[in-house]
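We're numbering straight along the sequence, starting at 1. We count ligands from 1, going down the list as the structure has it; atoms in each ligand are counted the same way.
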Amino acid sequence: MREYPADWEALKAADPEVADAIANELQRERTNLRLIASENYASPAVLAALGSTMTDKYAEGYPGRRYYGGCEFVDVTEQLAIDRAKELFGAEHANVQPHAGAQANLAVFGAFLEPNDPDSKVLGMELAHGGHLTHGSPVNVSGMWFEFIGYRVDEDTEQLDMDEVEDLAKEHRPKIILAGYTAYPRAIDFAAFRTIADEVGALLWVDASHFIGLVAGGAYPSPVPHADVVTFTTHKALRGPRGAMIVCKEEHAKAIDKAVFPMMQGGPLEHVIAAKAVALKEAMQPAFRDYADRVVRDARALAAGLADEGLRVISGGTDSHLILADVRPVGTDGKAAEAVCDEVGIALNKNQIPYDPNPPSSPSGIRVGTPGPATLGMDEAEMGEVASIIGDVLKHPDDGSVKEKSGERVRDLMERFPLYP
Ligand SMILES: *Cc1c(COP(=O)(O)O)cnc(C)c1O
């Protein structure tokens, strides 16, 4: 009998079309430079847990309190994930079941807010300034059912303006104040958010999806001591499987657990939870601290390199894994920049910049992130090379020889830092 039944040869035989697409995706990952700030590479150990037979098991409920029999082994892995999350982040309570970041955020709404209730206001970052879809977008349940008030970054510094946050909090008396964004490069002053939340009697919720991996590695301030509740995805800088978690103060534990199950979800994805446990163990190792440091060092080097190429780095730099850059100074826009980088094997995304005069479909900026290259081991010297390639193709988008040369430089880099060797 086999110890581990997942079998690549069986997949190729049973479904060559799917197997081909999976193999092509791996080949794409091996040849493209991943500068998408929200993407990373899960380890072979994490991938093995994901491909395990724990996918077969129903386990509604929580460890020790399940609605199904036969949960003794998924209880082991889920409890490990919970205990490790609490230890790693210094949290009082952890729920490791949210299927994804959007579901974790939905559970916060379920725990603390009533739909269409004028007293259930949330003060969060305006979407155009870096808020996430689930932070009040009109096409998302957050914006359809709940009232969001938006704060913005300061027009001159392009950084958070805590006076504006305080003024809006006093004016609107929100039930929740939300910090944590998808396109904000700087450190967030969580203590200042806590003070404002206390002044108006609001809960402080931090959506740490983007930077929680840096928190785990000690390279970014932790929101956990300050916030009532922290939601985060596990697949971005944290480098785990696609999914999410919630950590919170003990006083909110019951409300959060009930909101995740049975309010918003049914059976947990126990194979993913096992993979989350593995990722958390990896994040507790000294090598992960090196990785987190490298992510931030790489981002600073890349920001400096892009500035040397003539791009305008938003807020003048970065304290995290991501850089937002205005590409108009080199005569292009975000959409064209994304396309020409894609042509030479660099994956990044177009992004609005604060107070962007251009529409989201062709914004003025790009967002680039370094978790991917840092996982591969690339360091400051490589980021200089990457900035130079990006500068070349942005300035010469129609020059075939520049693009050919740039494509070769990207391939060289990827060959020097092989993925899943
Ligand atoms: C990525 C992200 C999410 C959503 O995560 P999904 O897993 O895609 O649902 C939520 N909030 C923030 C700030 C994010 O960056």
Any salt bridge linking [X] with [Y]? Criterion: basic side-chain nitrogen under 4.0 Å from a carboxylate oxygen.
X: Asp290; Y: Arg294; value: no
X: Glu270; Y: Arg66; value: yes
X: Arg34; Y: Glu29; value: yes

Review point. Without hydrogens or angle criteria, can the side chains of Ser364 and Asp356 be said to hold a donor-acceptor pair below 3.5 Å?
Key: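 Their side chains do contain a donor-acceptor pair, which is all the 3.5 Å distance test asks for.
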Review point. How about Glu78 and Gln97: does a side-chain donor come under 3.5 Å of a side-chain acceptor?
Key: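 Side-chain D/A pair, Glu78 to Gln97: present.
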When you pair each N or O of ligand 1 with protein N or O atoms, which pairs come out under 3.5 Å?
residue  : atom   : partner : partner atom : Å
ligand 1 : 7 (O)  : Gly101  : N            : 2.9
ligand 1 : 9 (O)  : Gly101  : N            : 3.3
ligand 1 : 9 (O)  : Ala102  : N            : 2.8
ligand 1 : 11 (N) : Asp207  : OD1          : 3.4
ligand 1 : 11 (N) : Asp207  : OD2          : 2.5
ligand 1 : 15 (O) : Lys236  : NZ           : 2.7

Check your understanding: Ser315 and side chain to side chain donor-acceptor pair (under 3.5 Å): which partner among Glu158, Arg186, Gln159?
Key ->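 In the set Glu158, Arg186, Gln159, the residue that makes a side chain to side chain donor-acceptor pair (under 3.5 Å) with Ser315 is Arg186.
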